[in-house]
Amino acid sequence: MELITKAPKGTVDLVPQTARRWRWVEQALINEAELNGFAEVRTPVFEHTELFQRGMGDVTDVVEKQMYTFEDKGGRSVTLRPEGTAGAVRAMLENGLYNNGYPVRLYYNIPCYRYEKPQKGRMREFRTFGVEVFGTAEPIADAQLIAMGMSALQRLGLTDVGLQLNSIGCPTCRKEYHQALQAYFSARKESLCPTCLSRLDRNPMRILDCKSPVCQEIAAGAPKITDYLCEDCQSHFAKVQEYLTAMDIPFTLDPGLVRGLDYYTRTVFEFPSQSLGFALGGGGRYDELVEEIGGPPTPALGFGLGMDRLMLALEAQKTEFPEEAGCEVFVAAMGEAAKVKAMSLVNTLHKCGLGADCDVCGRGLKAQMKYAGKLGAQYCLVLGDDELAAGKARLKYMADGTEKEIGIGESFVEDYLAVSTEKGRLSL
RNA sequence: GUGGAUGUAGCUUAGCUGGUUAAAGCGCCAGAUUGUGGCUCUGGAGACCGAGGGUUCGAAUCCCUUCACCCACCCCA
């Protein structure tokens, strides 16, 4: 068989069994978020291109070369969102959500798009579960947000996920730090790898997490951001750590932790997975972003979890996902009249909220029974001319093969419930 | 954008140095059991061996090209 075309590069279909698992994980995250006072926001898949240019910083890799940007028929430049924060901020402002008082807490579970070369944990279409908090600069908000993230990951049973923490300061102290870094690395220009050399001007902080051994060695001796933080940033960072410790949340300080988007200030963090070799998600503060997008100066923070990566991590550690519920009653039928009756009984069961099914593929009785077994049906009801004439049929309990006679007329549902209450029931 | 690996039934794979009708397991369908699932047995359908070209009497197998997918780097979720 040859398909005329396959799913586009970097995209995947979540087939039923997979989709079930996703839904289970998503539900756990939603529960955790709502427990923490977050409410869902749904924003468009595409936004005006400038939102991302302004928001993420137009010299970032994502904005420079990874965006799905195109002109619509009206000549507007629009972009498939490469991340969730910018849209959430825009929606928060546009709908005046801040008028209900601070903090505003939002969560979203959305697909994002980046034009990348796909590999493990990196797709062109990927899903992010994100949370954002607006309107507080207090370090307690940072700690609480991080605590929620850790708690959600733990609730899912993830064991090899850590917490890496850093503060990259505010624009003022970061400026000084950049200068110090540039001075330090410029003095060692000859040894740096070519990529890092090019980073020297634009974003010297990125050199800190270069994978090249030589650069790592050099970076190890580089000035640390924490030594350059202004007093406010220092005490803010100290408080965040203090609060995390108070909640018994272990973390490792990583002065080299630099996030790829320009909007971050002060606290930044990631949830690295040891076995996968990359972070499941991360986030931090972005105290300047709301204003940058055109809103009032509003401190804010948030994080995103890569759903695809989260699923990889769960599968890697062989998480047991809940079993599929299966069909409760299968009504097998022989002959046209019985088939009609079966369809009608199934419909009745559905109206009562019971999971039921019957053959729709023209199978013989034996095949129908086999199919019922495959569906994991708990009960099977066989209808033929005899049963129609008698107005009764035998309800078979598939687990042990025992049968009980029940009426298939007026008393059908009542009789069925009487038997299934005794034996057990999947739905309702 | 750079580098590496892999493409054989729906799925997982065998097919060594080129030699008839390309094999197996799982899955699917059917029969054994003309009105009763799971277990067993038997049978069946299903593959132009990713595509194109070349070498050869002969190519799934060797060569070239291309496409797809995977992995790593870069970057990030």
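Residue numbers begin at 1 in each chain, while the letters A, B, ... track the order of the sequences.
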Rounded to whole Å, CE of A:Met398 lies from P of B:rC39 at a distance of 12 Å
Mark yes or no: A:Arg188 above the aromatic ring of A:Tyr184, with NZ or CZ under 6.0 Å from the six-membered ring centre and no more than 45 degrees from the axis. yes
Confirm from the modelled atom types if A:Glu116 and B:rA77 form a donor-acceptor pair under 3.5 Å, side chain to base only. yes
Does a side-chain N or O from A:Lys366 land closer than 4.0 Å to OP1 or OP2 of B:rG37, or not? yes
Just checking, is any N or O donor in the side chain of A:Thr128 or A:Glu83 under 3.5 Å from an acceptor N or O on the other one? no
Carboxylate-amine/guanidinium contact A:Glu336 A:Lys339, below 4.0 Å: yes
Rounding to an integer number of Å, can you tell me how far A:Gln368 CD sits from B:rC29 C1'? 15 Å
So is A:Arg124 actually on top of A:Tyr115's ring, under 6.0 Å and inside 45° of the axis? yes
If we ignore hydrogens and angles and just use 3.5 Å, is the side chain of A:Gln317 paired with the main-chain N or O of A:Thr159 as donor and acceptor? yes
Calculate the interatomic distance between A:Leu375 atom CG and B:rG38 atom C1'; express it in whole Å. 13 Å
Ranking B:rA72, B:rU36, B:rC28 by distance to the side chain of A:Lys374, first place goes to B:rC28
Upstream residue (5' side of RNA chain B) when A:Asp400 and A:Pro8 are each assigned their closest nucleotide: A:Asp400
Distance check needed: B:rG31 C1' versus A:Leu365 CG, whole Å only. 15 Å
Any side-chain N or O of A:Gln119 below 4.0 angstrom from OP1/OP2 of B:rC73? yes
Is there a donor-acceptor contact under 3.5 Å from the side chain of A:Glu40 to the main chain of A:Ile30? no
Output the single nucleotide from B:rA72, B:rA68, B:rG35 whose closest atom is nearest the side chain of A:Lys6. B:rA68
Would you kindly give the CD-to-C1' distance between A:Gln164 and B:rC76, to the nearest whole Å? 15 Å
Quick note, A:Glu403 side chain, CB onward, closest among B:rC70, B:rU36, B:rG37 is B:rU36
Between B:rG37, B:rG3, B:rC76, which nucleotide has the shortest distance from any of its atoms to the side chain of A:Met369? B:rG37
Check the distance between B:rG27's C1' and A:Lys370's NZ and give it to me in whole angstrom. 11 Å
Could you please spell out the steps behind the ring pair (Phe, Tyr, Trp, His ring centres under 6.0 Å) verdict for A:Tyr416 and A:Tyr379? CA-CA 10 Å; A:Tyr416 170 72; A:Tyr379 296 96; 5.7 Å; yes
Sidechain-backbone polar pair: A:Asp287 side chain, A:Thr298 backbone, donor-acceptor under 3.5 Å: no
Under 4.0 Å between a side-chain N/O of A:Lys9 and OP1 or OP2 of B:rC69, yes or no? yes
On the side chain of A:Arg114, is there an atom forming a donor-acceptor pair with the base of B:rA77 - under 3.5 Å, no angle test? yes
So, does A:Arg363 get its side chain near the phosphate of B:rC29, meaning an N or O under 4.0 Å from OP1 or OP2? yes
When A:Tyr264 and A:Asp385 are each assigned the nearest nucleotide of RNA chain B, the 5'-most assignment goes to A:Asp385
Roughly how far apart, to the nearest Å, are B:rC71 and B:rG46 at atom P? 34 Å
Counting only heavy atoms and a strict 4.0 angstrom limit, can you tell me which residues of residues 304-314 of chain A come near RNA chain B? A:Gly306, A:Arg309
Are the side chain of A:Asn166 and the backbone of A:Pro255 linked by a donor-acceptor contact shorter than 3.5 Å? yes
Take atom CG of A:Leu388 and atom C1' of B:rG35, then tell me their distance rounded to the nearest Å. 13 Å
How many Å lie between CZ on A:Phe303 and C1' on B:rA77, as a whole number? 12 Å
Any N or O donor-acceptor pair linking the side chain of A:Glu387 to the base of B:rG35 at under 3.5 Å? yes
Taking any strand in view, what nucleotide pairs with B:rG44 in a Watson-Crick or G-U wobble way, both distances under 3.5 Å? B:rC28
Under 5.5 Å between ring centres and under 30° between planes: true for A:Phe126 and the base of B:rA77? yes
